[in-house]
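Since the structure comes first, as structure tokens, the remarks are kept for the end.
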Amino acid sequence: MKIQVAIDLLSTAEALELAGKVAPYVDIIELGTPLIKAEGLSVITAIKQAHPDKTVFADMKTMDAGELEADIAFAAGADLVSILGAADNSTIAGAVKAATERGKGIVVDLIGIADKPARAREVAALGVQFVEFHAGLDEQAQPGYDLDVLLSAGAASQVPFSVAGGVSISTIADVQKSGAQVAVAGGAIYSAEDPAQAAKELQAALV
Ligand SMILES: O=C([C@H](O)CO)[C@H](O)[C@H](O)COP(=O)(O)O
């Protein structure tokens, strides 16, 4: 299983600093949606230039104009771009077209989707790289939030998937057991006192 650090900070300088600390322990560096909105596509270019050996994930969360939005993120240096699972199939197909032309990949984010396994199977058939079983920061903050629900849904989907929703050192083993290809960790790394150590421990917890 790969580890993806989600950088939900708000400046390119902070993102570069964090990525520099944690890069040795992660496979994928994700530029979070708030970061891209705050800094623009230039943050993608800055991170890719600093870490050309890493997979750079632009969390665009695109809902429309899939081909156009994916293409501008790829042109800026992204290797993977997220499109929302709530988008029309034509939006996802357009993004996949852009990815295919550039030799890159699309990840569909199932945030807000009720029947995640069913939608995962639909979008997998459109040629996406993998599907993200995701509970966003607001959903995680609600009483009774349970990561296990996401893990069960991912396992039931029978398509390549990632998991994002407050993954931490206490849950990463369960994420791996669920069969996920990628564990996404944001706050567990960027909010840690020592982000490099936190990322190292996540990596060390993998079997
Ligand atoms: O995608 C995310 C969220 O929508 C804000 O951009 C997070 O990066 C994702 O939820 C992972 O972060 P954590 O839940 O803090 O691990």
Side-chain angles (χ1 to χ4, degrees), residues 1-12 14-15 18-19 21-22 25-41 43-44 47 54-63 69-70 73 78-87 106-113 116 120 128-151 153-154 161-176 178 180-203 205-206:
M1 185 174 71
K2 292 181 174 173
I3 296 182
Q4 174 173 324
V5 59
I7 305 184
D8 284 318
L9 303 173
L10 291 178
S11 75
T12 300
E14 288 172 297
L18 181 73
K21 288 177 181 166
V22 307
Y25 313 111
V26 303
D27 307 285
I28 303 174
I29 300 177
E30 173 192 332
L31 293 319
T33 316
L35 176 61
I36 295 173
K37 287 186 177 179
E39 293 285 55
L41 297 170
V43 67
I44 301 171
I47 291 286
K54 295 290 168 185
T55 299
V56 171
F57 180 120
D59 192 17
M60 298 285 280
K61 289 195 179 75
T62 291
M63 187 64 185
E69 287 211 6
D79 301 297
L80 295 171
V81 171
S82 66
I83 307 291
L84 292 177
I106 293 299
V107 176
V108 165
D109 182 339
L110 297 179
I111 190 169
I113 297 286
K116 288 182 172 59
V128 308
Q129 189 120 339
F130 57 88
V131 183
E132 181 174 317
F133 282 70
H134 185 195
L137 304 179
D138 296 338
E139 186 180 340
Q140 293 173 42
Q142 289 169 28
Y145 168 68
D146 186 356
L147 179 69
D148 284 342
V149 175
L150 271 189
L151 301 186
F161 67 100
S162 63
V163 174
V167 173
S168 67
I169 190 65
S170 58
T171 54
I172 193 152
D174 291 339
V175 176
Q176 188 169 31
S178 76
Q181 274 69 35
V182 179
V184 183
I189 294 177
Y190 66 73
S191 295
E193 202 170 311
D194 183 343
Q197 182 63 23
K200 191 176 180 180
E201 286 173 8
L202 286 171
Q203 187 191 52
L206 302 184

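For ligands, and for the atoms within them, numbers begin at 1 and follow the listed sequence. Computed from a predicted structure; not experimentally measured.
Close approach of ligand 1 to Gly187 is summarised as follows: ligand atoms under 4.0 Å from at least one heavy atom of the residue are 13 (P), 15 (O), 16 (O). Counting the atoms of ligand 1 from 1 in the order shown, those under 4.0 Å from a heavy atom of Ala185 are 16 (O). Annotation for ligand 1: atoms under 4.0 Å from non-hydrogen atoms of Pro34 are 6 (O).
Ligand 1 does not have Ala188 within reach: every non-hydrogen atom of the residue lies 4.0 Å or more from it.
No donor-acceptor distance shorter than 3.5 angstrom exists from the side chain of Tyr25 to the backbone of Ile3, with no hydrogens or angles considered. Of the possible donor and acceptor atoms, one in the side chain of Ser82 sits under 3.5 Å from a partner among the backbone N and O of Met60. Between the Thr171 side chain and the Asp174 main chain, no donor and acceptor come within less than 3.5 Å of each other. Of the possible donor and acceptor atoms, one in the side chain of Gln181 sits under 3.5 Å from a partner among the backbone N and O of Phe161. Although no hydrogens or angles enter the test, the distance criterion places no donor-acceptor pair under 3.5 Å between the side chain of Lys54 and the main chain of Ile47.
From the protein, the heavy atom lying nearest to atom 9 (C) of ligand 1 is His134 NE2, 3.5 Å. Nearest protein neighbour of atom 16 (O) of ligand 1, counting heavy atoms only, is Gly186 N, 2.8 Å. For atom 8 (O) of ligand 1, the closest non-hydrogen atom of the protein is Asp8 OD2, 2.7 Å.
Inclusion of Glu132 in the set of residues having an N or O under 3.5 Å from an N or O of ligand 1 is not warranted. Between Ile111 and ligand 1, not a single N/O pair is under 3.5 Å apart. Backbone and side-chain nitrogen or oxygen atoms of Gly166 are examined, and one is located within less than 3.5 angstrom of a nitrogen or oxygen of ligand 1.
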Worksheet entry | Verdict with supporting geometry, Val107 and Val182, side chain to side chain contact (heavy atoms under 4.5 Å, CB included) | CA-CA 11 Å; Val107 176; Val182 179; over 6 Å; no
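None of Ile44, Leu9, Thr12, Leu10 except one satisfies the side-chain contact (heavy atoms from CB on, under 4.5 Å) rule with Glu39; the exception is Thr12.
The heavy atom nearest to atom 4 (O) of ligand 1, considering only Lys61, Glu30, Gln140, Lys37, is found in Lys61.
Under 4.0 angstrom from ligand 1, there are no non-hydrogen atoms of Asp109.
Ring orientation note: the planes of Phe130 and Phe57 are tilted relative to one another, at an angle of 30° to 60°.
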